[in-house]
Structure formats: C-alpha cells, structure tokens
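Chain naming here is simple, since letters A, B, ... match the order of the sequence lines and numbering starts at 1 in each.
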2 protein chains.
Amino acid sequence: MSETTVGRRPAAPADPAAACPIAPVVDIVFSRWTTPILWCLHRFGRQRFVELHRRIPAVTPKVLTQRLRQLERDGLVVRTYHPEVPPRVEYEISDLGLSLAPLFAGLAHWAADNLDRVEDARRAYDATEHRPARRG
Amino acid sequence: MSETTVGRRPAAPADPAAACPIAPVVDIVFSRWTTPILWCLHRFGRQRFVELHRRIPAVTPKVLTQRLRQLERDGLVVRTYHPEVPPRVEYEISDLGLSLAPLFAGLAHWAADNLDRVEDARRAYDATEHRPARRG
DNA sequence: CAGGATCCAAATGGATACTG
DNA sequence: CAGTATCCATTTGGATCCTG
C-alpha cells in the first residue's frame, strides 16, 4: 500500500462505504489539501509547482507533491513536464476536475448560509457544562 | 486544543482557508466518519448509539463517540440523553444537518457519473512508468 | 526549479478494561 | 447501555539534505 493510500484515509479496517454511498467520493475529493489545490488550480489557472506552493504555503513541498500525484492519478489534475533547464512543471485542472466546480460552488453557498450557525452552535455547546472537560 | 480539534484535521500550521474559501466547510462536514454518520442518521432516522455502531461497525466506540460529540458541537446532530437504567441516548440529525442533504445528493450524483472515470484514470496512471516506484 | 530520500515528532485510531 | 480512561501501533506530516 505504498503509493495508493498515502494522504488518503488510512485504509479503514472495513470500508465506510458499506454504510455510506458517498464515502468513495469524499475520499477522492476531500482528502487533505485537495480542496485548496483544486480551488487554486481552478481559480488561477495552470501554474507551476512553486506558484502553487506560494498560494498554499502551509503545505510542505513534500506533501504538496504527494497530493498532486494523487490528484493526477485520479485524473483530476494534469501535470505537464517540460524537460528544460531549469526544469519546468505545470499543473492544471482537468475536465474531470472541472466537473467538480458545481459541487464546490454548492459547498461555498452552504458555507455562506450556515457557517455562522455552526459557530453559534459551537459557542452554545461550549457554554454548557460539557466544556473542555479536563477536570472530571 | 484538547476537545476542539480532535478528529478534525491536525491543526494546520497556517490555515488552508486562506487559499480556499470552502476549506472550513470541508473541515466540518467531511472529517473522518462524519459522512457515514450523517448519512446513517439521515437514512435511518433517530437511533441509539449501538444501532449507529451496528451500521458503522468499522469505527470503534471511542472514535464514534468523538465524532458524534464533534457533530453535536457543530450543531449538525442532536443528542438526547434519557436518564434511565440502563441509560438510553438517541442521536438524530438536526435541521442544520439536514440542510446538507442537497450537497450530499450532488456528491452522490457526481459519483454515479464520474467514479468510473477516476478508476480509469488510475488504471491508466498505474499502467505508465510512474508505477509504485520503489526502484528509481 | 521540482522533487526524491531520510529521519523524526506529533497525532490519530485501535484494544482493552472499567464505570454510572 | 453508553460511554471514559489508558496504553500502544500505525500513520502522517515536517525538517533537512540531495539531485537532475
């Protein structure tokens, strides 16, 4: 399981898909960093590794590479290697990747509508006696 | 950060949200196990801890509890405790949680349409020379 | 520049035992 | 039943160094 599962969910003992039809998609589309990467690629178009890294500084080059490989393998991103010196590699979103756009838009819409409700819920929850605990 | 970040993404050094407007939602809705849990609650209605666990056997009670707490805190799930003997606790999806239904439907739809494209892409990718590597 | 290789710290998740 | 507490194995991501 060397390359196939890196960055993806740690290979659940049994598969969550049995209990949830959309689990596979979630695994593919919402693995760590994939959303920022896809969004950047969609928003700013084709770009080189460093540019992408500049937009998402929180991820290390190593991990960024891993995620890009994963996305490339899943057909959501296209990687183009230009054998020059210095080497130039460009990443762009694929048609398949683009087909996710409406979904992302839906997410963004839901966020705009309900994110503050979540925050309210959190405050309300934290205000009750369940609080951080740590005291028994 | 004891209770706030458990099960959620490990507190990124800087926030990915800066590079992606939907990152917060992803964190809330697509944390590990949350999709199966929400889907089960939506599909089978209000149910007790054990029932839920029976539908999602792959998760351990400990983790299931953590995730349910998280969802409760975020206002996506409602927990009802009946102080009886033996104790009875019921979980159900909240209105806020229900508002995610269209999104989930969209996901399911995308999966139905494109999941095999992803599989194809994977096969194609694995068929090329990048393969598992491990040889230089 | 674009990464691969290594080594290491942190964190999640599992197993088990115990409680109200 | 519905958890909580503890201990431990695996995994993941970060730091650093190196190469074509």
Side-chain angles (χ1 to χ4, degrees), chain A residues 1-16 27 31-34 36-37 46-54 56-72 77 79-91 130 132-136, chain B residues 1-16 27 31-34 36-37 46-54 56-72 77 79-91 129-136:
Chain A
M1 67 167 88
S2 25
E3 287 273 308
T4 323
T5 56
V6 262
R8 221 176 280 285
R9 306 190 189 280
D15 77 311
D27 237 39
S31 286
R32 183 106 100 125
W33 296 115
T34 54
I37 292 173
R46 170 173 30 191
Q47 54 201 293
R48 306 176 62 167
F49 187 86
V50 272
E51 301 181 82
L52 202 48
H53 192 197
R54 256 190 290 274
I56 316 174
V59 66
T60 60
K62 177 182 125 183
V63 174
L64 182 54
T65 302
Q66 288 177 346
R67 290 309 114 88
L68 283 167
R69 285 284 183 284
Q70 173 185 315
L71 290 168
E72 185 196 2
V77 157
R79 174 180 182 268
T80 313
Y81 177 74
H82 303 270
E84 314 166 352
V85 280
R88 185 161 56 92
V89 176
E90 290 185 314
Y91 292 93
H130 341 256
R134 182 56 73 194
R135 51 157 290 246
Chain B
M1 66 170 90
S2 25
E3 287 271 310
T4 322
T5 56
V6 262
R8 222 175 278 285
R9 306 189 189 282
D15 76 311
D27 237 39
S31 286
R32 181 104 101 126
W33 297 115
T34 55
I37 292 174
R46 171 172 31 188
Q47 52 200 293
R48 305 176 62 166
F49 186 87
V50 271
E51 301 180 81
L52 203 47
H53 192 197
R54 256 191 288 276
I56 315 173
V59 66
T60 59
K62 176 182 124 181
V63 175
L64 182 55
T65 302
Q66 288 177 346
R67 289 311 111 89
L68 283 168
R69 287 283 185 284
Q70 174 186 315
L71 290 169
E72 186 195 0
V77 158
R79 174 179 183 267
T80 314
Y81 177 74
H82 303 269
E84 313 164 352
V85 279
R88 185 161 56 92
V89 176
E90 290 185 314
Y91 292 93
E129 66 288 353
H130 344 255
R131 263 164 314 186
R134 181 59 68 193
R135 52 156 289 244

Worksheet item: Between C/dG14 atom C1' and B/H53 atom NE2, what is the distance in whole Å?
Response: 11 Å
Fill in: Interatomic distance where CD1 belongs to A/I56 and P belongs to C/dA2 [whole Å]
14 Å
Worksheet item: Whole-Å distance between C/dG13 P and B/L68 CG?
Response: 14 Å
Worksheet item: Under 4.0 Å between a side-chain N/O of A/Y81 and OP1 or OP2 of D/dG20, yes or no?
Response: no
Worksheet entry | Given C/dC1, D/dA2, C/dG3, the nucleotide with the shortest approach to the side chain of A/R48 | C/dC1
Worksheet item: Quick one: B/R54 CZ to D/dA2 P, roughly how many Å, whole number?
Response: 9 Å
Response to the item:
Atom CD of B/E84 and atom P of D/dG3 are separated, to the nearest Å, by 13 Å
Worksheet item: Does a nitrogen or oxygen in the side chain of B/R69 sit under 4.0 Å from OP1 or OP2 of D/dT4?
Response: yes
Discussion item. Using whole Å, what does the distance between atom C1' of nucleotide C/dG13 and atom CD1 of B/I37 come to?
Written reply: 14 Å
Discussion item. How long is the straight-line distance from CZ of B/F49 back to CZ of B/R54, given to the nearest 0.5 Å?
Written reply: 11.5 Å
Practice prompt. Give a yes or no answer on whether the side chain of B/H53 reaches the backbone of B/R48 with a donor-acceptor pair at less than 3.5 Å.
Written response: no
Discussion item. Nearest 0.5 Å, please: how far is CZ in A/R32 from CD in A/Q70?
Written reply: 12.5 Å
Worksheet item: Quick one: A/K62 NZ to D/dT19 C1', roughly how many Å, whole number?
Response: 17 Å
Worksheet item: When the distance from CG of A/L64 to P of C/dG4 is rounded to whole Å, what number comes out?
Response: 11 Å
Worksheet item: Would you say B/R32 reaches C/dG13's phosphate, i.e. side-chain N/O to OP1/OP2 under 4.0 Å?
Response: yes
Discussion item. Counting only heavy atoms from other residues, nucleotides and ligands, does the tally under 6.0 Å from CZ of A/R46 exceed 12?
Written reply: no
Worksheet entry | Residue B/V63, side-chain atoms from C-beta onward, closest of C/dG13, D/dC1, D/dG3 | C/dG13
Discussion item. By the 4.0 Å heavy-atom rule, please label B/P87 as base, sugar-phosphate, or nothing.
Written reply: base
Item to complete: Rounded to the nearest 0.5 Å, what's the gap from CD on A/E72 to OG1 on A/T65? Could you check?
Response: 11.0 Å
Worksheet entry | Phosphate OP1/OP2 of D/dA2: any B/R79 side-chain N/O under 4.0 Å | no
Worksheet item: Using a cut-off of less than 4.0 Å, is there contact between a side-chain N or O of B/R88 and OP1 or OP2 of D/dA2?
Response: no
Item to complete: Just compare C/dG13, D/dC1, D/dG3 and give me whichever is closest to any side-chain atom of B/Q66.
Response: C/dG13
Response to the item:
Of B/P86 and B/T65, the one whose nearest nucleotide on DNA chain D sits closer to the 5' end is B/P86
